[in-house]
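All chains are named by letter (A, B, ...) in the order of the sequence lines, taking the proteins before the strands, and each is independently numbered beginning at 1.
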There are 2 protein chains.
Amino acid sequence: MTDIKTMVNPLFLREEELRRGIELLFYAYRDFTAEPDAMLSRLGLGRAHHRVIYFVGRHPEITVTELLRILRITKQSLSRVLGDLVRKGYIVQRQGTRDRRQRLLELTERGRELERQLSENQRRRIARAYREAGAEAVEGFRTVLLGIMDPENRQLLLSAPPERTARAAR
Amino acid sequence: MTDIKTMVNPLFLREEELRRGIELLFYAYRDFTAEPDAMLSRLGLGRAHHRVIYFVGRHPEITVTELLRILRITKQSLSRVLGDLVRKGYIVQRQGTRDRRQRLLELTERGRELERQLSENQRRRIARAYREAGAEAVEGFRTVLLGIMDPENRQLLLSAPPERTARAAR
DNA sequence: ATAATACGTCAGTTATGTTGACACAGTCAC
DNA sequence: GTGACTGTGTCAACATAACTGACGTATTAT
C-alpha cells in the first residue's frame, strides 16, 4: 500500500486550488463593496441603490425591464429603490418614444455626481490592482471572470458597446 | 482647438476599462451565487448559512470571533444563522481547551455533505473557467483579485495554510 | 482584584428581497 | 378593430439578513 502522507494527490491540490478561488471572490467582493456601503448609509441609501445608480449611469435610457434583467430582482423590489432615487432627485424617468409604455431612466446631474463619488473608490481599487498586476494579469482576470458567468450572459459584455448592451439582452 | 471627436482620450479608455472590471465582478458574483442560493432556499436556509458552512468547513475548529472577522457581521447576526445550523445538525460547537471561553466550530458529517453539495456548483464553475482560460490567466485572476482586496487581508490568503489562516488574523 | 475578552441573548429596527393580485396604457397579431 | 400580450406601477403581506444597544456570565489576563 502506498503511504498516503507522501503521496501527491492531484485531486486534493485541485480542490484546494478551487477553494482558494471561491474565497478570493468572497474576500474581494466583501472589501470591494465595503466603502461605498458606508458612504451610502450616511445618505440613507443602501447597496441596492448603488446598483441601480451604477447601471442607469452605465446604460442611459435603460428601461425598467432591462434593468430588472441585469439586477435579477422583482419589479416590486426595484420599485421601492427606484422610487427613493427618483424622489431624492438622482434619477429621472421619461416616457419612451418608440414604445410609450416604457420609462427610460437617466441620472440627473446630481445622480451622476453621486455615482462618481460612489464608484470612485471601486475604480481606484481596480486601477491599483490592474496597475500592480500588469496587462497580462488583467487579461487573465477578465477571462476567468467571464468563464465564471453563465455562458449566455457573456456575449453582452464582450461585444456590444455599453449603451446598447442592456437593450440587446432582449 | 483640437477636434474632440477625433481625439483619442486615454482617460476615457481607462474609465471604460475600469467600469468593465466593476461589471465583470458584479455579473460573475451574481451568477456564482445563484445556484447555491436556490438549493439553500429549498432547505429553508439562505446565503448567510452557506457562508458559515463554507468557512467552518474551510477552517475546522474556528472560533466565533474568528468567523466574525471573516464575515464582517455582528455576533447577533451570526448567532441566528449559527443557531439554525447547530439546531439542524450541520455544525457542532465544543469548548476550547486552550481557552475555555471559546466555542470551536466544526461541521458534522451531515454538514460536510451539505457543504459539498452547495460548493459543487461553484467549484465546477471555477474549474471550467480555469480550464478554459489556462494557467497563466488563472494566475492573473488571482493576482488582480488579491489587489482588489484590502492590503491587510492579503497575507492571510497568500502564506498561511487554510486551517491556520483565520487564527493568524488576530 | 479588576479589567478585558469570548460568547450568548433579548428587544427593536432597517434594508432588501419575495409572492400574489390587480390595474392601466400601449403595442402587436389577426 | 378586437383580443392578447407587454411594460409599468401599486397594494399587501411576509421572510431574511443585517443593524444598534443593553446586559449577563464565564474565563483569562494584568
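Crowding of B/E136 atom CD: a count of heavy atoms from other residues, nucleotides or ligands under 6.0 Å not exceeding 12.
Nucleotide D/dA18 holds its P atom 14 Å from the NE2 atom of B/H50, rounded to whole Å. In this structure, CG of A/L68 is placed 15 Å from P of D/dT6, rounded to the nearest angstrom. One atom, CZ of A/R103, and another, C1' of C/dT27, lie 14 Å apart when rounded to the nearest Å. Between the P atom of D/dA18 and the CZ atom of A/R30 lies a distance of 13 Å, rounded to the nearest Å. Taking atom CZ on A/R69 and atom P on D/dG7, their separation rounds to 7 Å, with Å as the unit. Atom CZ in B/R94 sits roughly 19 Å away from atom C1' in D/dA26 (whole-Å rounding). Atom-to-atom, CG of B/L104 to P of C/dG8 comes out at 11 Å; the value is rounded to the nearest Å. A/R98 places its CZ atom 11 Å from the P atom of D/dT8, with the value rounded to the nearest Å.
Taking the nucleotide of DNA chain C with the nearest heavy atom to each of A/D99 and A/D84, the more 5' of the two is matched to A/D84.
For A/S77, the side-chain atoms get nearest to C/dG17 when compared with the rest of C/dG17, C/dT16, D/dG7. Side-chain proximity of B/V64 to the nucleotides C/dG26, D/dG9, C/dG8 is greatest for C/dG8. The listed nucleotides are C/dA6, C/dT16, D/dT27; the one nearest the side chain of B/R100 is D/dT27. Distances from the side chain of B/I73 to the nucleotides D/dT8, D/dA18, C/dG26 place D/dA18 closest. When the nucleotides C/dG8, C/dG17, D/dA18 are ranked by their closest atom to the side chain of B/Q93, C/dG8 comes out on top.
The base of C/dG8 sits with one of its N or O atoms less than 3.5 Å from a complementary donor or acceptor on the side chain of B/K75. The base of D/dG7 is not paired with the side chain of A/E66 by any donor and acceptor separated by under 3.5 Å. Residue-to-nucleotide contacts include a donor-acceptor pair under 3.5 Å from the side chain of B/R101 to the base of C/dT5. Taking 3.5 Å as the limit, the base of C/dG17 and the side chain of A/R80 contain a donor-acceptor pair of atoms between them. Residue side chain A/Q76 reaches the base of C/dG20 through a donor-acceptor N/O pair under 3.5 Å, judged by distance alone.
With 3.5 Å as the limit, one finds a donor-acceptor pair spanning the side chains of A/E23 and B/Y54. B/T33 and B/R47 share a donor-acceptor pair across their side chains, judged by distance under 3.5 Å alone. Side-chain polar atoms of B/S79 and B/Q76 form no donor-acceptor pair below 3.5 angstrom.
Using a 4.0 Å cut-off, some side-chain N or O of A/R51 falls inside it from OP1 or OP2 of C/dG17. Regarding contacts with the backbone of D/dA17, a side-chain N or O of B/H49 is found under 4.0 angstrom from either OP1 or OP2. A sub-4.0 Å separation between OP1 or OP2 of C/dT18 and a side-chain N or O of A/T74 is present.
Of the candidates A/H49, A/R110, A/R112, A/R110 is the only one forming a side chain to side chain contact (heavy atoms under 4.5 Å, CB included) with A/Y90. Just one of A/R14, A/R19, A/R20 meets the salt bridge (charged side-chain N to carboxylate O under 4.0 Å, His left out) condition when paired with A/E16; it is A/R20.
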